[in-house]
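Below: the structure, in structure tokens.
Numbered from 1 within each chain, the chains take letters A, B, ... in sequence-line order.
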Amino acid sequence: MIKSPRGTRDLLPPDTALWNFVEAAVRDVFRAYNFHEIRTPIFESTELFARGVGEETDIVSKEMYTWEDRARAQSEKTQSLTLRPENTAGVVRSYIEHQLGETGQLQKLFYIGPQFRRERPQKGRYRQFSQIGAEVIGPPSAGSESPLRDAEVLEMLATLLNELGITGWKLELNSVGSAADRARYNEVLRTALDAVVSSMCVDCQRRAATNPIRVLDCKVPADQPIIDTLPVIADSLNEASRAHFAQVLAALDAAAVPYTRNHRLVRGLDYYTRTTFEFTHGGLGAQNALLGGGRYDGLSEMLGGPRAPGIGFAMGEDRLVLTLLAQEAAAPQVLADAYIAPLGESLNAAALSLARELRSQGLRIELGDGSFRLKKSFEVADKTARRMIILGEDELQSGILTVKTFATGIQTKVPRTELAVFLTKPASE
RNA sequence: GCGGCUAUAGUUCAGUGGCAGAACGCCUGUCUGUGGCACAGGAUGUCGAGGGUUCGAUCCCCUCUAGCCGCCCCA
């Protein structure tokens with residue numbers, strides 16, 4: 001049997017209804033905040049991710065689906081292409097390519113779509129997964145650097161999770177400062193680690209040498225007291241970074257968005273500057289992040305574009321749905337308004353005609369089959385529709401149909417001309 | 001990429017070196033235009049794939065594949 005490739009999966013009904021519910025709710029919220037949809041290609045130049053996400057990140061160094069595209073002519077060189085592992089780089093590439101900065105306007109863009117990373121699958125982590133994300137980007141003159149943008153995005157996310165009915169989420173945030181701030185902090189941290197690293201776990205000893213900031217992510221219990229004594233990045237921030245962060249926090253306080261400052265929150269992608277954040281949720285296991293994001297003031301320039309500060313996030317749609325399922329908030333199975341049961345195959349044609357009539361009036365109709373015995377029609381209808389219309393010779397002749405409402409068990413005679421109106425009434429009546 | 005656990009009916013899961021099981025679901029009948037209940041009957045299947053040991057393997061061994069959990073990292 002041919003199975004879906006490792007780390008990919010089929011989404012089947014009724015789960016697809018839940019996915020659609022999530023996407024519809026998300027689009028509503030984006031609309032309220034005046035975000036507009038962008039759709040970028042599923043694959044891009046490998047170079048985009050190498051430069052944008054960072055050559056040394058795990059994503060780029062070992063998790064990308066990359067291939068050499070065929071050359072169009074003998075003389076042409078092949079091009080290295082990659083299935084997108086995230087979408088921010090693509091959006092910024094598009095921003096640069098279409099010179100959206102020249103509009104002078106702030107661009108508020110959102111996307112929903114599949115991303116690809118070649119990782120070992122587990123709960124909440126798949127090789128093809130869907131992210132819902134948004135980016136606020138533009139020239140500084142459009143206010144793209146304002147701490148209000150950070151606060152607005154965070155407030156929107158809090159609203160979004162609440163709208164979806166997700167309870168118990170937690171917002172953690174931090175500021176990693178400018179690139180210069182981070183470089184300075186790296187030195188401070190490296191010096192501090194020299195004294196204590198020998199008593200830490202082997203992973204930390206490796207990290208201390210390669211990427212000291214990652215030591216903060218260590219989860220080994222014995223290392224925690226040591227990490228608590230290390231200098232925090234907040235003390236290495238310059239005046240501007242500090243003021244920016246203070247204003248973000250003040251705006252969040254004013255909007256009553258609850259948050260926790262986490263000095264250890266350092267995100268994995270190279271492009272993050274200043275504000276970084278994560279919304280987490282228990283019950284997701286080791287993959288507890290529902291979404292993550294931050295500011296990326298230098299990304300456009302890293303990709304050869306104009307200065308275009310921005311802030312954005314990516315939300316794991318799979319994880320969102322998992323969380324909703326865990327909360328038993330599964331989308332209720334949507335039943336058809338009526339099931340038409342023709343009594344005998346000679347009535348099949350008349351049944352199709354009736355179905356067409358009702359469907360054209362906006363009703364959701366399931367069409368049965370005249371070869372079914374009435375008992376079977378009832379059994380099938382009860383699972384798929386709120387009501388069943390019996391269409392026999394009598395009904396066809398008289399034009400008065402028999403309608404059974406399952407919730408009440410009441411059977412009613414309804415003239416064909418009044419059928420559509422009757423079916424629109426709540427099924428509890 | 002590394003480590004641990006798992007894979008049996010449509011689903012959830014028992015089970016045994018010697019005929020493949022339960023529950024739910026499904027189909028049929030009692031019941032030719034009135035279901036849900038009940039009763040009676042029925043089909044479930046390459047026991048994840050391939051190889052090995054054995055008279056004989058769903059069971060033991062090896063390899064692979066996939067899922068789950070953890071590490072790494074991330075959404």
Side-chain angles (χ1 to χ4, degrees), chain A residues 1-9 12 53-54 56-63 84-88 111-133 157 201-204 206-207 210-211 214 217-220 265-269 272 277-281 284-294 312-323 339 341-344 347 368 370-385 387-396 401-411:
Chain A
M1 185 175 40
I2 298 174
K3 295 193 284 188
S4 77
R6 177 167 222 202
T8 69
R9 60 200 183 127
L12 304 171
V53 178
E56 300 308 315
T57 62
D58 277 23
I59 292 177
V60 172
S61 64
K62 55 188 198 196
E63 295 174 1
R84 64 187 187 194
E86 60 96 57
N87 219 337
T88 298
Y111 58 83
I112 299 175
Q115 318 292 334
F116 306 85
R117 290 183 203 172
R118 197 178 181 291
E119 292 182 278
R120 180 94 162 228
Q122 62 189 77
K123 192 185 195 73
R125 185 164 76 190
Y126 308 99
R127 291 183 167 189
Q128 176 177 333
F129 57 102
S130 179
Q131 283 189 336
I132 298 168
L157 285 166
C201 70
V202 287
D203 280 332
C204 280
R206 176 178 50 78
R207 294 181 188 119
T210 57
N211 196 357
R214 285 264 145 242
D217 275 341
C218 178
K219 286 170 196 119
V220 176
L265 182 68
V266 287
R267 300 192 49 77
L269 280 47
Y272 285 117
F277 57 87
E278 225 168 65
F279 282 72
T280 59
H281 195 277
L284 275 172
Q287 273 64 38
N288 68 345
L290 275 175
L291 67 95
F313 65 87
M315 183 155 50
E317 191 176 4
D318 304 74
R319 292 180 185 181
L320 221 46
V321 171
L322 274 176
T323 304
Y339 179 99
L343 294 182
L347 289 154
S371 68
F372 292 172
R373 296 212 346 218
L374 189 57
K375 171 190 164 84
K376 176 163 173 166
S377 290
F378 268 115
E379 286 170 354
V380 176
D382 197 19
K383 286 178 189 133
T384 54
R387 292 190 169 90
M388 181 166 114
I389 301 167
I390 299 174
L391 180 63
E393 283 299 341
D394 296 351
E395 283 82 0
L396 192 61
L401 293 139
T402 307
V403 182
K404 178 92 155 198
T405 301
F406 291 119
T408 59
I410 295 170
Q411 193 159 298

Measure the distance from [atom1] on [X] to [atom2] on [N] and round it to the nearest whole Å.
X	N	atom1	atom2	answer
Ile389(A)	rG35(B)	CD1	P	19 Å
Lys376(A)	rU30(B)	NZ	C1'	18 Å
Ile59(A)	rC72(B)	CD1	P	16 Å
Asp318(A)	rA75(B)	CG	C1'	8 Å
Leu265(A)	rC74(B)	CG	P	11 Å
Met388(A)	rU34(B)	CE	C1'	7 Å
Phe378(A)	rG35(B)	CZ	C1'	6 Å
Leu290(A)	rA75(B)	CG	P	12 Å

Problem - Arg319(A) side-chain N/O to Ala289(A) backbone N/O, donor-acceptor pair under 3.5 Å - result: yes

In whole Å, what separates the [atom1] atom of [N] from that of [M]?
N	M	atom1	answer
rA66(B)	rU28(B)	P	39 Å
rU54(B)	rG17(B)	C1'	9 Å
rC60(B)	rC68(B)	C1'	25 Å
rG48(B)	rU16(B)	P	15 Å
rA23(B)	rC39(B)	P	12 Å
rA7(B)	rC13(B)	P	10 Å
rC24(B)	rC37(B)	P	11 Å
rG25(B)	rC61(B)	P	37 Å

Any side-chain N or O of [X] less than 4.0 Å from the OP1 or OP2 oxygen of [N]?
X	N	result
Lys123(A)	rA75(B)	no
Arg84(A)	rA75(B)	no
Gln115(A)	rA75(B)	no
Arg120(A)	rC72(B)	no
Arg373(A)	rG29(B)	yes

Out of [options], which nucleotide sits closest to the side chain of [X]?
X	options	value
Gln122(A)	rG35(B), rC69(B), rC74(B)	rC69(B)
Glu119(A)	rG67(B), rU34(B), rA75(B)	rA75(B)
Lys383(A)	rG35(B), rC26(B), rG33(B)	rC26(B)
Asp382(A)	rG36(B), rC74(B), rC71(B)	rG36(B)
Thr402(A)	rC72(B), rU34(B), rA75(B)	rU34(B)

What does [X] touch in the nucleic acid at a heavy-atom separation under 4.0 angstrom: a base, only the sugar-phosphate, or nothing?
X	value
Phe279(A)	nothing
Phe313(A)	nothing
Ser377(A)	nothing
Gln411(A)	base
Glu278(A)	nothing
Leu291(A)	sugar-phosphate
Ile132(A)	nothing
Gly124(A)	base
Arg319(A)	base
Arg9(A)	nothing

For the student: nearest non-hydrogen atoms of [X] and [Y], plus distance:
X	Y	result
Phe406(A)	Ala385(A)	CD1-O, 3.4 Å
Ser130(A)	Ile112(A)	OG-CG2, 4.3 Å
Ala314(A)	Tyr111(A)	CB-OH, 3.8 Å
Ile390(A)	Glu395(A)	O-CG, 3.4 Å

Exercise for the section: Establish whether the base of rA75(B) is bridged to the side chain of Arg117(A) by a donor-acceptor pair shorter than 3.5 Å. Expected result: yes

Problem - Any donor-acceptor N/O pair under 3.5 Å between rG33(B) base and Glu395(A) side chain - result: yes

[N]: pairing nucleotide in any strand, Watson-Crick or G-U under 3.5 angstrom:
N	result
rG41(B)	rC27(B)
rC13(B)	rG21(B)
rU53(B)	none
rG3(B)	rC69(B)
rU58(B)	none

Handout entry: Side chain proximity check, Tyr339(A) to Asp382(A), heavy atoms < 4.5 angstrom
Key = no

Fill in the blank from the handout: Comparing Lys62(A) with Ile390(A), nearest RNA chain B nucleotide closer to 5' gives the residue Ile390(A)

Problem - Most 5' of Arg118(A) and Arg6(A) on RNA chain B, judged by nearest nucleotide - result: Arg118(A)

Handout entry: Distance-only donor-acceptor check, side chains Thr8(A) and Arg127(A), under 3.5 Å
Key = no

Problem - Single hit among Lys123(A), Arg9(A), Arg125(A) for salt bridge (Lys or Arg N to Asp or Glu O under 4.0 Å) with Asp318(A) - result: Arg9(A)

Exercise for the section: Output yes when Lys383(A) and Glu379(A) qualify as a salt bridge under the 4.0 Å nitrogen-oxygen rule, no when they do not. Expected result: no

